[in-house]
Protein chains: 4
Amino acid sequence: MSSSSERRTALPRRRDEAKALFRNAILDAAEHVFAQQGFHGARIQDIADHARIAVGTVYNHFEQKEDVLHALLEVRLEEMIGNLRPQPTDPEPFEQKLRCCILRTLRFAEEHRDFHQVALDCGLFAKGTASASNILKEKAVAHFEKLRATTLALVNEGLKCGALRPMDPVPLARMLGGLIRSSSIGMLMEQSHPDLEAEASLLVDLYLNGAGRADRPGRPRDESDLGER
Amino acid sequence: MSSSSERRTALPRRRDEAKALFRNAILDAAEHVFAQQGFHGARIQDIADHARIAVGTVYNHFEQKEDVLHALLEVRLEEMIGNLRPQPTDPEPFEQKLRCCILRTLRFAEEHRDFHQVALDCGLFAKGTASASNILKEKAVAHFEKLRATTLALVNEGLKCGALRPMDPVPLARMLGGLIRSSSIGMLMEQSHPDLEAEASLLVDLYLNGAGRADRPGRPRDESDLGER
Amino acid sequence: MSSSSERRTALPRRRDEAKALFRNAILDAAEHVFAQQGFHGARIQDIADHARIAVGTVYNHFEQKEDVLHALLEVRLEEMIGNLRPQPTDPEPFEQKLRCCILRTLRFAEEHRDFHQVALDCGLFAKGTASASNILKEKAVAHFEKLRATTLALVNEGLKCGALRPMDPVPLARMLGGLIRSSSIGMLMEQSHPDLEAEASLLVDLYLNGAGRADRPGRPRDESDLGER
Amino acid sequence: MSSSSERRTALPRRRDEAKALFRNAILDAAEHVFAQQGFHGARIQDIADHARIAVGTVYNHFEQKEDVLHALLEVRLEEMIGNLRPQPTDPEPFEQKLRCCILRTLRFAEEHRDFHQVALDCGLFAKGTASASNILKEKAVAHFEKLRATTLALVNEGLKCGALRPMDPVPLARMLGGLIRSSSIGMLMEQSHPDLEAEASLLVDLYLNGAGRADRPGRPRDESDLGER
DNA sequence: CATGAATGAGCTTTCATTCAT
DNA sequence: AATGAATGAAAGCTCATTCAT
């Protein structure tokens with residue numbers, strides 16, 4: 001009885017493997033080509049060439065060019081959000097935990113420069129941007145919201161444990177996102193491979209303590225510090 | 001001083017006025033259309049329609065589509081940089097001056113949402129981004145550098161007068177840029193018209209003092225403060 | 001006042017002339033290419049080549065490939081219907097009038113073999129046929145209906161003047177259409193140039209008197225003749 | 001007489017059965033899909049889906065898409081010609097025999113609306129039509145010729161027995177074909193299920209006696225009738 | 001100099017056919 | 001022999017750019 005029943009499961013299994021293989025190859029190729037040429041500049045032919053497959057094959061896995069982009073962003077963004085989100089193994093003081101999250105995110109950016117390039121190009125980090133909303137439409141917003149929600153959750157945790165100033169979490173999250181983004185973009189631009197640990201520490205320091213000189217005159221929070229002594 | 005000699009100067013003057021009129025109309029239309037549809041999604045026809053002129057007329061003023069974008073960015077960026085740069089009338093303590101610069105920049109972003117949309121779309125705020133480098137090429141870098149230099153100058157002034165922590169100005173500038181950008185994007189996204197004065201104050205506060213609670217335990221700069229006593 | 005006011009009328013006039021020139025050139029080319037290769041086999045490039053214009057120009061005059069076909073059928077069918085419809089100058093006895101209408105229609109078919117080919121290919125003479133309904137959709141039905149109505153009007157005239165057997169005009173019209181169509185198709189097939197006058201006379205004779213031998217035994221209408229004696 | 005020798009004959013028999021099963025399933029599916037979407041609009045995938053088999057299987061039975069159409073037309077046309085051809089059991093007076101042939105043909109058209117649709121679409125009834133000649137090439141002509149020959153044979157029989165007017169059989173055959181075709185098309189169009197017996201009688205009547213009123217003045221054959229008295 | 005139609009290279013997408021399983 | 005994914009040539013359509021008026 002085996003052969004037929006085996007076929008029913010073994011063949012599809014192989015097929016599914018092959019399917020996933022092609023799909024990933026296409027997404028990897030797309031990541032690279034989109035990063036180099038932008039979404040509009042990238043031709044399906046280029047992606048197919050990079051994946052060493054035929055144009056038609058791309059269309060066997062994705063209905064439209066846009067769907068390739070969408071799938072790519074979805075997959076990578078999930079990974080990125082996973083990195084930004086606190087892990088069970090992260091150390092407890094919020095400052096350390098934040099440092100770990102940022103470090104992981106920077107490492108991800110370092111390892112996935114192409115994706116970051118694409119994400120920027122698509123305005124993934126800026127909901128409502130023109131080409132983003134035109135290419136990705138509502139889906140773009142969903143992508144962005146996920147990232148924002150994750151950042152917000154991180155900030156809220158900091159507020160709860162008293163590590164952050166008690167204030168509206170939205171600007172706090174916005175600031176955190178801005179800092180990470182600036183740093184990531186800086187890395188992309190410099191094409192350098194900096195000391196990510198140091199960079200993460202610097203980011204946390206700047207985020208928590210600000211850019212101002214601690215003992216500068218008229219520092220508002222010094223006054224409140226005095227009051228507490 | 002015959003009428004003919006007058007004509008020699010008067011006529012060109014009129015022509016120049018007319019020329020500038022068309023050029024500005026094209027740039028205004030382009031700002032709107034690019035913001036709505038993205039650079040690649042915008043057709044010359046669309047821009048011409050918005051400016052209520054013929055396509056050919058666009059090509060009488062700009063060699064290529066890209067040149068329209070370039071000119072637009074150049075004009076608006078100059079204005080934006082002018083706003084970010086400290087003015088003679090700005091109040092002296094660095095904190096106040098910074099607040100003024102940021103406020104002007106946010107106001108500009110508010111008034112030129114379309115330009116901001118375009119600038120984001122073109123990765124103007126992120127040198128080396130795909131579509132930016134493909135569309136604008138070297139010129140994009142020049143645009144970006146100008147903005148970066150202005151931010152850097154502002155930070156250096158803060159360092160000189162002792163308002164900022166003595167450290168590498170590059171990350172300080174990057175952080176400042178990231179904050180302003182985050183806030184601008186936030187405004188674009190929310191489609192709301194917030195209290196810009198309050199927003200500027202908040203930004204300065206966060207930039208100088210950080211997001212951390214001042215009296216939290218183990219605050220690093222408290223230690224350095226101790227050392228100075 | 002002249003030049004500007006002239007321009008407003010003179011320029012558009014020239015433009016309209018040119019426009020009609022191109023449009024007709026496209027339709028003529030399409031008639032030929034569609035006839036040779038069928039609608040699906042004809043590429044826009046082929047039509048453009050035949051009209052000695054660029055592909056894009058075709059699209060400046062017609063939104064889609066289908067619209068070219070539609071316009072072609074509309075124009076030619078109007079002409080064809082004009083030929084089938086009785087003219088004021090046609091002689092009065094219905095038989096003679098019918099002969100004239102058929103002769104004109106056969107002449108039109110002879111002179112516009114290409115159109116006939118296309119019309120057949122599109123099932124223009126058979127409402128609801130597959131490719132017709134797929135390519136032309138509702139418009140195909142409209143085309144067909146016009147033709148049918150014209151044939152019906154002709155038959156009704158014959159009924160009114162007592163030249164045709166008093167019966168349901170629909171089968172009478174159907175028969176007339178079938179005869180003309182068969183003859184036209186025969187001409188297309190034979191690639192010959194027959195004596196159209198003779199062909200028209202033959203058609204009228206067959207249509208009015210039938211294919212049966214007049215004096216054959218058991219002829220039903222002879223019986224009715226008997227009753228009248 | 002071992003089981004092995006049996007197999008040698010039994011197995012191929014089964015195989016042939018299975019083969020015919022698939023072949024017929026494909027042709028049935030093709031008949032439906034071609035009728036719905038036209039030859040060019042029908043994808044092999046559609047046909048395979050309808051036959052609930054895989055695309056590859058179609059190509060195991062037919063070399064090309066066109067061959068499917070060709071085989072379909074061949075099979076159905078043979079059947080159609082068989083219906084049009086007089087049967088041994090048909091009653092003898094030519095008029096009755098003709099009535100039977102037409103009735104069978106109309107019944108076939110009624111039962112095989114899809115095939116008729118396809119045949120029309122392919123210009124099967126009009127040799128030399130564009131898409132027909134492009135799709136079916138010479139084979140189309142062969143199909144058409146068979147049908148024409150059958151019609152011609154029928155007409156010749158009528159001539160021989162004196163039921164038809166002594167004249168060139170080609171126009172007579174053409175007229176007969178045109179009448180049957182008009183009626184079939186009419187049925188396809190109306191989507192109605194008329195009384196086929198009445199329709200057949202009407203056709204024979206019109207074919208033999210024409211559409212003209214028998215006692216109208218100046219009827220040419222009346223004169224010849226007079227002469228024979 | 002404004003105009004707007006002509007141009008044609010280039011792109012996305014389709015689908016008949018092939019072929020490894 | 002059935003399967004269905006891979007293939008890639010081919011076609012419709014777009015739109016930046018040109019140019020005659």
Side-chain angles (χ1 to χ4, degrees), chain A residues 7 10-12 14-16 18-19 21-22 40-49 51-66 68, chain B residues 15 18-19 22 40-49 51-68, chain C residues 7 10-12 14-16 18-19 21-23 40-48 51-66 68, chain D residues 15 18-19 22 40-49 51-68:
Chain A
R7 234 178 244 163
L11 223 88
R14 284 249 174 114
R15 286 247 163 100
D16 287 353
K19 191 157 190 156
L21 211 73
F22 272 98
H40 282 101
R43 299 173 307 139
I44 295 289
Q45 187 65 254
D46 296 330
I47 296 174
D49 287 349
R52 280 173 300 170
I53 60 175
V55 206
T57 307
V58 176
Y59 283 90
N60 283 339
H61 293 264
F62 300 93
E63 294 238 329
Q64 306 177 72
K65 189 183 175 185
E66 296 174 16
V68 179
Chain B
R15 268 197 195 165
K19 193 157 188 159
F22 272 99
H40 281 101
R43 301 175 307 147
I44 294 288
Q45 185 66 249
D46 296 329
I47 296 173
D49 286 351
R52 280 177 299 175
I53 58 175
V55 258
T57 309
V58 177
Y59 282 88
N60 285 336
H61 292 265
F62 300 93
E63 293 244 326
Q64 308 176 70
K65 188 184 177 187
E66 298 173 16
D67 293 342
V68 179
Chain C
R7 234 178 243 163
L11 223 88
R14 285 249 174 114
R15 285 246 163 102
D16 287 353
K19 193 158 190 155
L21 212 72
F22 272 97
R23 194 186 151 93
H40 282 102
R43 300 174 307 139
I44 294 290
Q45 186 65 251
D46 296 329
I47 295 173
R52 279 173 301 170
I53 58 174
V55 204
T57 307
V58 177
Y59 284 92
N60 283 339
H61 292 264
F62 300 94
E63 293 241 328
Q64 305 178 72
K65 188 184 174 185
E66 298 174 16
V68 180
Chain D
R15 266 195 197 166
K19 193 156 187 158
F22 271 99
H40 281 102
R43 301 174 308 145
I44 294 288
Q45 185 65 252
D46 297 329
I47 296 173
D49 287 350
R52 280 176 301 175
I53 58 175
V55 259
T57 308
V58 176
Y59 280 88
N60 285 336
H61 293 265
F62 299 93
E63 292 245 326
Q64 307 177 72
K65 188 185 176 186
E66 297 174 15
D67 293 342
V68 179

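In the text below, chain A, chain B and the rest are named by the order of the sequence lines, each starting its count at 1. Predicted model only: the values in this text are computed from it and were never measured.
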Contacts of Val55(B) and Gly56(A) projected onto DNA chain F by closest heavy atom; the upstream (5') one is Gly56(A)
When you measure from the side chain of [X], which nucleotide among [options] comes out closest?
{"X": "Ile53(B)", "options": "dA2(F), dT13(E), dT3(E)", "answer": "dT3(E)"}
{"X": "Ala54(A)", "options": "dT7(F), dA2(E), dT7(E)", "answer": "dT7(F)"}
{"X": "Ile44(C)", "options": "dG12(F), dT17(E), dA16(F)", "answer": "dG12(F)"}
{"X": "Arg43(D)", "options": "dA16(E), dA6(E), dC1(E)", "answer": "dA16(E)"}
{"X": "Tyr59(A)", "options": "dA11(F), dA16(F), dT13(E)", "answer": "dT13(E)"}

Taking a pair as Watson-Crick or G-U wobble with both distances under 3.5 Å, which nucleotide is matched to [N]?
{"N": "dT17(F)", "answer": "dA6(E)"}
{"N": "dA1(F)", "answer": "none"}
{"N": "dA9(F)", "answer": "dT14(E)"}

Gap between atoms [atom1] and [atom2], on [X] and [N] respectively (whole Å):
{"X": "Asp49(A)", "N": "dT7(F)", "atom1": "CG", "atom2": "C1'", "answer": "13 Å"}
{"X": "Glu63(A)", "N": "dT14(E)", "atom1": "CD", "atom2": "C1'", "answer": "12 Å"}
{"X": "Phe22(C)", "N": "dG4(E)", "atom1": "CZ", "atom2": "C1'", "answer": "13 Å"}
{"X": "Gln45(B)", "N": "dT18(F)", "atom1": "CD", "atom2": "P", "answer": "16 Å"}
{"X": "Asp16(A)", "N": "dA5(F)", "atom1": "CG", "atom2": "P", "answer": "10 Å"}
{"X": "Ile47(B)", "N": "dA16(F)", "atom1": "CD1", "atom2": "P", "answer": "8 Å"}
{"X": "Asp67(D)", "N": "dA16(E)", "atom1": "CG", "atom2": "P", "answer": "14 Å"}
{"X": "Leu21(C)", "N": "dA6(E)", "atom1": "CG", "atom2": "C1'", "answer": "14 Å"}

Can you check whether Gln64(A) has a side-chain N or O nearer than 4.0 Å to OP1 or OP2 of dT12(E)? no
OP1 or OP2 of dC15(E) less than 4.0 angstrom from a side-chain nitrogen or oxygen of His40(D), does that happen here? no
Rounded to the nearest 0.5 Å, the CG atom of Leu21(A) sits from the CD1 atom of Ile53(A) at a distance of 10.5 Å
Hey, could you give me the CZ/CD1 distance between Phe62(B) and Ile47(B), rounded to the nearest 0.5 Å? 9.5 Å
Would you say the side chain of His61(A) lies within less than 4.5 Å of the side chain of Lys19(A), judging by non-hydrogen atoms? yes
Report yes if some heavy atom in the side chain of Lys65(A) is under 4.5 Å from a heavy atom in the side chain of Val68(A); otherwise report no. no
For residues Tyr59(D) and Gln64(D), report the shortest heavy-atom separation together with the two atoms involved. CE2-CA, 4.3 Å
Minimum heavy-atom separation for Val58(D) and Ala48(D), please, with both atom names. CG2-CB, 4.1 Å
5′-ward residue of the pair Ala18(B)/Lys65(A) relative to DNA chain E: Ala18(B)
On DNA chain E, check which nucleotide each of His61(C) and Asn60(D) is closest to and give me the residue with the more 5' one. His61(C)
Under 4.0 Å, heavy atoms only, any strand: does Ala42(A) hit a base, just the sugar-phosphate, or nothing? sugar-phosphate
